[in-house]
Amino acid sequence: MDYLESLNDPQREGVINTEGPCMVIAGAGSGKTRVLTYRIAHLIQAKGIDPFNILALTFTNKASAEMRSRIERMVGIEAKNLWMGTFHSVFAKILRYEADRLGYPSNFSIYDTEDSKTLIRQIVKELQLDDKVYKPNLVLNRISGAKNRLVSWQEYINNPIYQADDESAMKPHMGKLYKMYCERCFRASAMDFDDLLFNTNVLFRDNPDILNKYQHRFKYVLVDEFQDTNLSQYLITKRLSAVNQNVCVVGDDAQSIYAFRGADIKNILNFEKDYPDLKVIKLEQNYRSTKVIVNAANSVINNNTAQLKKDIWTANEEGDLIELLKANSDNEEGKLVANSIFEEKLNHQIRNQEIAVLYRTNSQSRAIEEALRRANIKYKIVGGLSFYQRKEIKDILSYLRFVINQNDEQALRRIINLPKRGIGPGSVDKMIVAANDHGVTLWEVVSTIFQFIPGRITNAIDQFATMIKSFMIEVQKKDAYEAASYITKQSGLLRELYEDKTIEGLSRYENVQELLNAIKEFVDSEENTDKSLGAFLQEVALLTSVDEDKDEDNDKVTLMTIHMAKGLEFKIVYLVGMEEDLFPSQMMLTSRADLEEERRLFYVAITRAERKLFLTYATSRYRFGRLKSCEPSRFLEEVDSKYIKVNRKFQKEPILPPQTSHYAKSLVSSVNRTAPKQNTINYTHTPSDDFKASDTSGLTHGMKVEHPKFGFGNVVSVDIEGANRKAKVLFDNFGEKTLLLSFAKLKIHT
DNA sequence: GCGTAACCTGTTTTT
DNA sequence: CAGGTTACGC
């Protein structure tokens with residue numbers, strides 16, 4: 001068993017300690033995924049456990065795909081039978097199978113966030129509430145929070161604490177919205193993301209026989225990134241492993257960055273209480289990064305109060321200092337990064353794919369992208385707006401969804417007038433009223449329109465209904481690919497896109513082709529026995545991006561948010577936008593707990609780097625369309641300064657004198673120590689060859705002038721007061737200067 | 001009912 | 001800046 005030899009003691013313990021509850025606290029880069037995959041391999045090969053009896057839960061599709069392929073490499077084809085996937089996808093599968101126990105059909109739809117928000121917007125409108133007060137985002141967050149804590153709408157409405165809470169927030173109707181939202185989802189045979197977990201809990205709570213079945217099926221339960229579980233997920237895990245108690249959770253409290261989604265570090269602490277004979281293993285040796293990076297990360301995370309005690313160390317080399325780059329704007333920041341990447345590649349034979357640029361918010365990618373494009377550096381963006389959220393893709397998926405589930409009102413409302421067929425909002429409203437009056441679904445009204453509304457518009461509606469009915473029949477006869485291409489064509493969607501010859505239209509058309517390819521792939525895959533459209537939709541509902549593996553060229557710089565980067569590692573990492581209000585985000589500055597989460601995010605970012613880390617910030621940045629000046633992030637001064645080198649190599653302009661910054665004071669002063677005095681080094685203007693002072697008697701506002709030392713500028717004003725005429729000139733590189741015209745040599749440029 | 005144009009608003013992170 | 005929403009004229 002040579003694979004055990006390659007592990008250190010605590011790692012090995014984590015692998016072979018298969019019986020009973022076990023918690024692995026794994027520091028960044030300590031071989032956490034290795035322990036998990038080896039543990040599963042060990043279960044299968046050494047212990048002879050049927051992969052069918054093993055359940056491994058992750059948080060992202062990426063992590064689960066990665067782990068599956070690693071295990072396959074170790075144990076071979078047998079790994080196919082493993083139950084492995086995200087919480088959401090695994091329990092969606094189980095819910096489909098057991099749906100009748102919850103009163104749902106097994107073909108229920110899954111609403112994504114956009115569907116949810118649209119539905120909330122509709123309900124708020126119907127109740128004639130103020131949509132400025134009941135913003136969809138806010139309402140959905142509130143509902144989501146309740147579901148993640150397993151608070152049903154019934155409990156919510158009956159609990160005076162929530163009521164009081166909402167009233168003091170001037171949102172007294174929140175409970176009613178929660179109730180209506182749930183009722184409408186149920187009526188639409190739809191579950192949102194949170195429902196998948198919430199309803200799994202309900203299923204297990206109310207159906208002991210079903211719980212029992214899965215308890216015996218999943219003899220071994222493993223959870224990755226345990227610090228990111230919310231109460232709902234925690235209880236599912238606990239229920240499932242209640243009989244065998246063979247539950248192994250792996251996580252790092254220092255990397256908990258999903259509290260905004262209901263994740264609760266308390267789950268790690270509760271775990272020890274729930275399982276008194278819990279085996280706790282700590283992985284503290286970092287194999288990923290240099291001493292500089294590990295120690296710098298430690299110095300940052302020590303500023304947090306809420307954390308488990310551990311001591312992360314590494315035997316790796318000392319490594320290069322962290323470099324700090326300052327830019328004057330977001331665009332310059334991009335250029336700085338591009339230049340630096342160019343240098344690193346040149347000097348150290350680094351490949352693009354070993355480099356990542358990480359940022360706090362998706363919107364920051366623009367400036368970086370542009371700079372990389374100009375520098376001819378290949379890059380790819382991970383995340384961002386997901387493929388399946390694109391308008392044209394969602395349009396088609398809505399058709400497919402509706403043909404499978406006619407209760408799906410969000411899908412119906414989306415497609416009923418798409419492409420334009422003369423059924424406007426007015427008609428739709430009328431039909432909704434009719435549906436509500438008769439207590440039937442919208443589709444029942446649409447499909448038998450003449451029974452409900454006589455009149456001219458009914459013709460278009462009837463045609464639409466007839467088309468959908470024909471789709472429903474075709475779907476019975478065809479596989480997913482044939483059905484999808486038939487529907488895309490017959491609905492007129494494809495033609496509409498084809499006729500759009502703009503660049504965006506072309507790319508939309510290509511995206512649709514790509515979707516059809518993905519469906520074709522699904523149908524052709526040996527693994528999928530059920531090739532129906534319904535089966536495809538089940539697979540696709542929780543996917544976020546199409547596999548990029550087919551891209552022939554993998555040597556690209558990776559751009560992504562820090563959240564997406566969790567679990568990954570790169571030789572060189574650029575962490576951009578180290579500015580107050582951006583990172584930490586201004587949304588997170590309200591409480592200590594929130595700031596600590598941001599700090600953990602910073603910790604995650606630092607620890608992605610293997611060899612070298614660059615931190616960059618800009619002093620000004622375009623935000624919501626307007627140029628705003630920025631201060632360096634407070635986090636910068638939390639990094640022990642002995643690990644940081646201030647780098648001016650790529651800078652065009654001298655570092656400014658210390659700003660009156662409340663934060664980063666030590667940082668700015670250290671910057672200033674080495675900074676050249678303004679006006680002395682970088683900007684000795686070389687006068688034009690033909691420089692000759694002009695006669696300045698006619699000098700007026702707005703003229704363009706050249707000064708032998710200060711260079712070019714524009715005249716702001718001329719002061720004639722007194723004997724000495726003075727001119728105020730705004731120089732391009734030196735700011736505003738007041739010059740005595742009797743002395744100053746100025747050349748007027750016309 | 002449809003299309004255009006002005007307007008407004010908001011930017012955290014993901015399943 | 002960009003997406004979504006509203007107001008208007010056809």
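The basis for the numbers below is simple: all heavy atoms, side chains too, and nothing from hydrogens, waters or symmetry mates. Quick note on labels: first sequence line is chain A, next is B, and so on, each numbered from 1. As the structure is a prediction and not an experimental result, all values here were calculated from the model.
The side chain of A:S427 places an N or O atom within less than 4.0 Å of a non-bridging phosphate oxygen (OP1 or OP2) of B:dG1. Look at A:K420 and you'll find a side-chain N or O under 4.0 angstrom from OP1 or OP2 of B:dG3. At least one side-chain nitrogen or oxygen of A:R366 sits closer than 4.0 Å to the OP1 or OP2 atom of C:dA2. OP1 or OP2 of B:dT14 sits under 4.0 Å from a side-chain N or O of A:T561. Within the structure, a side-chain polar atom (N or O) of A:N417 is placed less than 4.0 Å from OP1 or OP2 of B:dC2. At the phosphate of B:dG10, OP1 or OP2 sits under 4.0 Å from a side-chain N or O atom of A:K135.
Across all strands, A:F59 comes closer than 4.0 Å only to sugar-phosphate atoms, never to a base (heavy-atom distances). Within 4.0 Å of A:Y622, counting heavy atoms only, lies no atom of the nucleic acid at all. Using a 4.0 Å heavy-atom distance criterion, A:D112 is classed as making no nucleic acid contact.
The CG-P distance, from A:D228 to B:dT15, rounds to 11 Å in whole Å. Atom-to-atom, NE2 of A:H563 to P of B:dT12 comes out at 12 Å; the value is rounded to the nearest Å. For A:Q364 and B:dT13, the CD to C1' distance is 12 Å, given to the nearest whole Å. Regarding A:E392, its CD atom lies at a distance of 12 Å from the P atom of C:dG3, rounded to whole Å. A:E597 has its CD atom 12 Å from the P atom of B:dT14, to the nearest Å. Atom OH of A:Y359 and atom P of B:dT12 are 16 Å apart (whole Å). Spacing between atom CD of A:Q255 and atom P of B:dT14 amounts to 16 Å, rounded to whole angstrom units. Rounded to whole Å, the distance from CZ on A:R626 to P on C:dC1 is 9 Å.
In this structure, A:F260 packs face-to-face on the six-membered ring of B:dT13, meeting both the 5.5 Å centre cutoff and the 30° plane limit.
Checking side-chain atoms of A:R621 against main-chain N and O of A:S329 turns up no donor-acceptor pair under 3.5 Å. Side-chain atoms of A:T237 come within 3.5 Å of backbone N or O of A:Q233 as a donor-acceptor pair. Judged by distance alone, the side chain of A:Q255 and the main-chain N or O of A:G251 form no donor-acceptor pair under 3.5 Å.
Of the residues near DNA chain B, A:K132 and A:F193, the one whose nearest nucleotide (by heavy atom distance) lies more toward the 5' end is A:K132. Nearer the 5' end of DNA chain B, as judged by each residue's closest nucleotide, is the contact made by A:K430, out of A:Y258 and A:K430.
The listed nucleotides are B:dT12, B:dG10, B:dG1; the one nearest the side chain of A:P425 is B:dG1.
Within 3.5 Å, no donor on the side chain of A:R261 pairs with an acceptor on the base of B:dT15, nor the reverse. Side-chain N/O atoms of A:T113 and base N/O atoms of B:dT15 include a donor-acceptor pair closer than 3.5 Å.
Atom CG of residue A:L235 and atom CZ of residue A:F198 lie 11.5 Å apart, to the nearest 0.5 angstrom.
At least one side-chain heavy atom of A:F186 sits less than 4.5 Å from a side-chain heavy atom of A:Y104.
Ionic pairing of A:D228 and A:K566 is present here: one or more N-O contacts between side-chain nitrogen and carboxylate oxygen are shorter than 4.0 angstrom.
Using atom P as the reference point in both B:dT13 and C:dG4, the two lie 16 Å apart (nearest Å).
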